[in-house]
Structure formats: structure tokens, C-alpha cells
Amino acid sequence: MATAGKVITCKAAVAWEPNKPLVIEDIEVAPPQVGEIRIKIVATAVCHTDLYYLLESMPKAGFPAVLGHEAAGVVESVGPGVTEFQSGDKVIPLFLPQCRQCRFCKSPKTNQCELGMDAGHADVMGPEDSRLTCKGKKLVPFAGTSTFSEFTVVNQVSVAKIDHAAPLDKVCLLGCGVSTGFGAAVNTAKVEPGSTCAVFGLGAIGLAAVMGCKFAGAKKIFAVDINPDKFKKAKDFGATDFLNPKDYDKPISAVLAELTAGGVDYALECVGNVGVMRSALESCVKGWGVCVLVGWTDMHDIATRPIQLVAGRTWKGSFFGGFKGRDGVPDMVKAYMDKKVKLDEFITHNMTLAQINDAIELMKQGKCIRTVMSVCPQ
Ligand code: NAD
Ligand code: ZN
């Protein structure tokens, strides 16, 4: 491409400070360095984790930052030493790398690559490695992906090459939300056929978890949310029953225990609230119930009475649905193309990058599942 080796000036949504609207700015994107790939972003969605960084947490990496980690695009150029990718490849950036070298990548038990996010910030590309600048300031590359930009630079260990025929405005959702929820049910909880499940929180992550429970053959799937507007969608993805905790005087774990003769086999927390994490665990049946934490928070501790675990329940977490991204994301793209998983149904709004603050507002108000923003034409 004519731009290879040159600095690209393009539009990006910059988060200058916490709790403020993003600002569309002209930024400079430097050419990719050793092992890096410069990607033209075609489509990106907003995930709650972007809002968490902007509005709720006290991020160590700080501001100004370019958020965004659920996207798809086309390789513009590659840096020295990159052999697996070339200009024109269709790709999905990964917030969790897969270096294929470390002890975690070599183990089939985990996707926690050593180069990955630790305590909430990406090590693969720290602020000092940022290739993005605006008004003379380095922009923090959120999650090592920074997809709220026309162009971004990502380390090759954090890029999945996907089928050239894949529609980027749909498969972008596999960069986080849908893979995360689906994998949490299928890979982490390992939901068994005939089982009873409960999914707490019905955003894209929770709905994808519902889809995963159904895919794995669950016979009953309770969908739990305080926003009843979410129930219809949950039914479309396979939920069989709906519970709004606000409709009951007693804890939702007690309601579920009554409805299931003792508790569910699997519970998935897809909210990011430590109180809900406790409810989800305590909704599980003693003996073998498994509760998977998917929701994101780094602000509070979780608590429960030890007897809950002593009685045989398991409390575990799931990061990116347990997928090793460079292997798992192309497989999920194939599953979508083969009509084994849904994606289109998660998209409630389509916008452009210039409308990013409207997309954030919709998510804050619980009025969307996913807003996909078109960024650059293909
Ligand atoms: P979202 O905001 O679209 O959905 C959250 C849902 O939870 C909403 O429907 C909301 O009404 C519901 N909710 C809020 N409080 C509730 C309560 N007390 N009880 C029941 N339901 C409640 O968010 P999302 O994009 O689907 O993300 C969900 C969570 O997953 C976030 O915490 C996000 O940061 C996290 N996440 C984790 C990973 C991971 O790898 N583990 C990846 C991506 C996102
Ligand atoms: Zn996400």
C-alpha cells in the first residue's frame, strides 16, 4: 500500500480524561515496528469494558487513551519480522495475546498468555510503545488494540487472521463479547447436555453465554436481569425462563433453589458486580454446581461463606471465554459462517465512529446490545 512505511494521519476517538465524552481528533499513527501490524479498522463495537475504563475504574495506564477492543479490519502494512500476515489480510485484533511460546500458551489448560493483561492493563503494548500520538502526546493503547481509530498498530501476537469472505461488520463481535460469553459456557463452565443453567446479566456477554448454554445442550436456561427489556432477546438466544430480581422479596438464589429443587448446575455472572457474583455462586446446587465469573471489576472483593465451597460448589473465572485467540477466533468466525453461532442478532444499532458518544450513551442506558460502528470503508 502507498502508505506503508509512512506516518498515517487519520481520525480517532480520543479519551482525554475519565468521565468525559470522547473527542474525534486527527491523530498520527506511526509505521509498525518489529513484530507489529498496522491495521485499517473497518468496524468496531462498544463493549462494557471500554466504559469501565472510561467511567468506573482508576486505570493505571491512564489518559489520554484510545479505547476499543472489539473490532475487525484489514492489514495495511506489517513491520520487520512479520511473516504470518501481509497487507490485505482480514484480521481481528485481540485484547488477549497468544504468543505460542510461553508456558501458558503451551498448556491446553489456559489462555492466559504471559504477555497478556495483568491486573487490568496490557503489557504487550505499554504506553511507551504506543504508535499513536495526538497534539504531541502519546495515546495509551487500551488493551493493546485501540480500535476506536481508523488505523491502529497491534503486536502480531495479538492479531487473528480470519476467512477472507467474513463480513467484518458482523465478525467484529468475535473480538470480545460473543466469544467471551459463548466460551465461558462452552469452554470454562463446560456445560453438559440436559443441565440447568442461570445467566446473570443479558448484555452481549450474557446473551452469548445463553447461546453457549443452548449450544452445549442445556435443557433449562434461566435468564436473570433487572432490565426486563432484555428478556425477549434472551428467549431468541435460547433462554427458557426469565427472572427479574426486583420482582422478589427474597434473594434470587433462594428463588432459583426453589425452582430447581436445590440450585442450578451452572451459573454465569455477566454483569461485573460482586453482589451478583455472590448470588450466582449461591444459586448453584451443592455437590457439583459451577459458577463462572465473566463480569469485569477490579474495585471490590468478592465474598461468600466458606460452606458454599466446602459443600462442593466451584467458583471460577473466565477471560475471553477461555479462547486462545489466534486459534479460537478464526474457528468462531468459521462457526458463524457455517451458521452454528449467531452474530447478526446481537447488533441493535449501526453508526459511524463520529457517533461514538451516542453509542456509549446507549450502552450506559442499557438501550443496546451491541452498536457496530463503521470506521473505514474496506
Ligand atoms: P452490558 O452493560 O451490555 O450488560 C450488562 C447487563 O447486566 C445489562 O443487561 C444490565 O441490565 C444487567 N445488570 C446490571 N445489574 C444487574 C443485576 N444486579 N442483576 C442482574 N443483571 C444486572 O455489558 P456487556 O458488554 O455485556 O459486559 C458484561 C460484563 O462482562 C462487563 O462487566 C464487562 O466488563 C465484562 N466483560 C468481561 C470479559 C472477560 O473476558 N471476562 C470480556 C468482555 C466483557
Ligand atoms: Zn469487551
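All ligand and atom numbering here is 1-based and tracks the order in the structure. All values derive from a computational prediction rather than experimental measurement.
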(Q) Less than 4.5 Å apart, side chain to side chain, heavy atoms only: is that true for Pro245 and Val224? (A)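 The answer is yes, as the side chains (C-beta and beyond) meet within the 4.5 Å cut-off.
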
Q. Hey, are the side chains of Leu51 and Val46 touching, using non-hydrogen atoms and a 4.5 Å cut-off?
A.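 Yes, side chains in contact.
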
Out of all atoms in ligand 1, which are within 4.0 Å of some heavy atom of [X]? Include the element for each.
{"X": "Gly295", "result": "29 (C), 30 (O), 32 (O), 35 (C)"}
{"X": "Arg370", "result": "25 (O)"}
{"X": "Met363", "result": "3 (O), 25 (O)"}
{"X": "Ile226", "result": "14 (C), 15 (N), 16 (C), 17 (C), 19 (N), 20 (C), 21 (N), 22 (C)"}
{"X": "Cys47", "result": "43 (C), 44 (C)"}
{"X": "Gly272", "result": "32 (O)"}

Which protein heavy atom lies closest to [atom], and at what distance to 0.1 Å?
{"atom": "atom 4 (O) of ligand 1", "result": "Gly203 CA, 3.3 Å"}
{"atom": "atom 7 (O) of ligand 1", "result": "Gly201 CA, 3.5 Å"}
{"atom": "atom 35 (C) of ligand 1", "result": "Trp296 N, 3.6 Å"}
{"atom": "atom 23 (O) of ligand 1", "result": "His48 CB, 3.2 Å"}
{"atom": "atom 33 (C) of ligand 1", "result": "Thr49 OG1, 3.5 Å"}

State whether a side-chain donor-acceptor pair under 3.5 Å links [X] with [Y].
{"X": "Glu282", "Y": "Ser279", "answer": "no"}
{"X": "Tyr336", "Y": "Asp344", "answer": "yes"}
{"X": "Thr9", "Y": "Glu28", "answer": "no"}
{"X": "Trp16", "Y": "Glu25", "answer": "yes"}

Shortest heavy-atom approach to [atom] - which of [options]:
{"atom": "atom 5 (C) of ligand 1", "options": "Gly206, Ala204, Cys270", "value": "Cys270"}
{"atom": "atom 20 (C) of ligand 1", "options": "Asn227, Val294, Asp225", "value": "Asp225"}
{"atom": "atom 19 (N) of ligand 1", "options": "Val276, Thr188, Leu293, Leu51", "value": "Val276"}
{"atom": "atom 24 (P) of ligand 1", "options": "Ile205, Leu207, Asn111", "value": "Ile205"}
{"atom": "atom 22 (C) of ligand 1", "options": "Asn244, Val271, Leu362", "value": "Val271"}

Is any NZ, NE, NH1 or NH2 atom of the basic residue among [X] and [Y] found under 4.0 Å from an Asp or Glu carboxylate oxygen of the other?
{"X": "Arg131", "Y": "Glu36", "answer": "yes"}
{"X": "Lys11", "Y": "Glu150", "answer": "no"}
{"X": "Lys230", "Y": "Asp225", "answer": "no"}
{"X": "Lys220", "Y": "Asp241", "answer": "yes"}
{"X": "Arg370", "Y": "Glu70", "answer": "yes"}

Measuring from atom [atom1] of [X] to atom [atom2] of [Y], what distance do you get when rounded to the nearest 0.5 angstrom?
{"X": "Asp265", "Y": "Thr260", "atom1": "CG", "atom2": "OG1", "result": "8.5 Å"}
{"X": "Thr44", "Y": "Leu67", "atom1": "OG1", "atom2": "CG", "result": "10.0 Å"}
{"X": "Lys190", "Y": "Tyr266", "atom1": "NZ", "atom2": "OH", "result": "10.0 Å"}

Measure the distances from the heavy atoms of [X] to every atom of ligand 1 and state whether one is below 4.0 angstrom.
{"X": "Cys176", "value": "yes"}
{"X": "Ser318", "value": "yes"}
{"X": "Phe319", "value": "yes"}
{"X": "Phe320", "value": "yes"}

With a 4.0 Å heavy-atom cut-off (strictly under), which part of [X] contacts ligand 1: side chain, backbone, both or neither?
{"X": "Lys230", "result": "side chain"}
{"X": "Leu202", "result": "backbone"}
{"X": "Glu269", "result": "neither"}

Q: Quick one: do Val285 and Val264 satisfy side chain to side chain contact (heavy atoms under 4.5 Å, CB included)? Show the steps, please.
A: CA-CA 5 Å; Val285 68; Val264 299; over 6 Å; no

Q. Considering the options Phe63, Phe95, Phe148, which one meets the ring-ring contact (aromatic ring centres under 6.0 Å, His included) requirement together with Tyr53?
A.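 Looking at Phe63, Phe95, Phe148, the match for Tyr53 under the ring-ring contact (aromatic ring centres under 6.0 Å, His included) is Phe63.
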
Table please: side-chain donor-acceptor pairs of residues 317-328 below 3.5 Å, with sequence neighbours left out.
residue: Ser318; atom: OG; partner: Thr188; partner atom: OG1; Å: 2.8
residue: Lys324; atom: NZ; partner: Phe104; partner atom: O; Å: 3.2
residue: Lys324; atom: NZ; partner: Cys105; partner atom: O; Å: 3.0
residue: Lys324; atom: NZ; partner: Ser107; partner atom: O; Å: 2.8
residue: Lys324; atom: NZ; partner: Thr110; partner atom: O; Å: 2.7
residue: Arg326; atom: NH1; partner: Gln98; partner atom: O; Å: 2.6
residue: Arg326; atom: NH2; partner: Glu84; partner atom: OE1; Å: 3.4
residue: Arg326; atom: NH2; partner: Glu84; partner atom: OE2; Å: 3.2
residue: Asp327; atom: OD1; partner: Arg100; partner atom: NH2; Å: 2.7
residue: Asp327; atom: OD2; partner: Gln98; partner atom: NE2; Å: 2.8

Q: Would you mind counting protein N, O or S atoms that sit less than 2.8 Å from the Zn ion (ligand 2)?
A: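 Protein N, O or S neighbours of the Zn ion (ligand 2) under 2.8 Å, waters not counted, come to 3.
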
Q: Take Ser87 and Glu76, measure what side chain to side chain donor-acceptor pair (under 3.5 Å) needs, and give me the verdict at the end.
A: CA-CA 5 Å; Ser87 159; Glu76 176 269 338; over 6 Å; no

Q: Before signing off on this row, confirm whether Asn273 and ligand 1 have an N or O atom pair separated by under 3.5 Å.
A: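 No, there is no polar N/O contact under 3.5 Å.
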
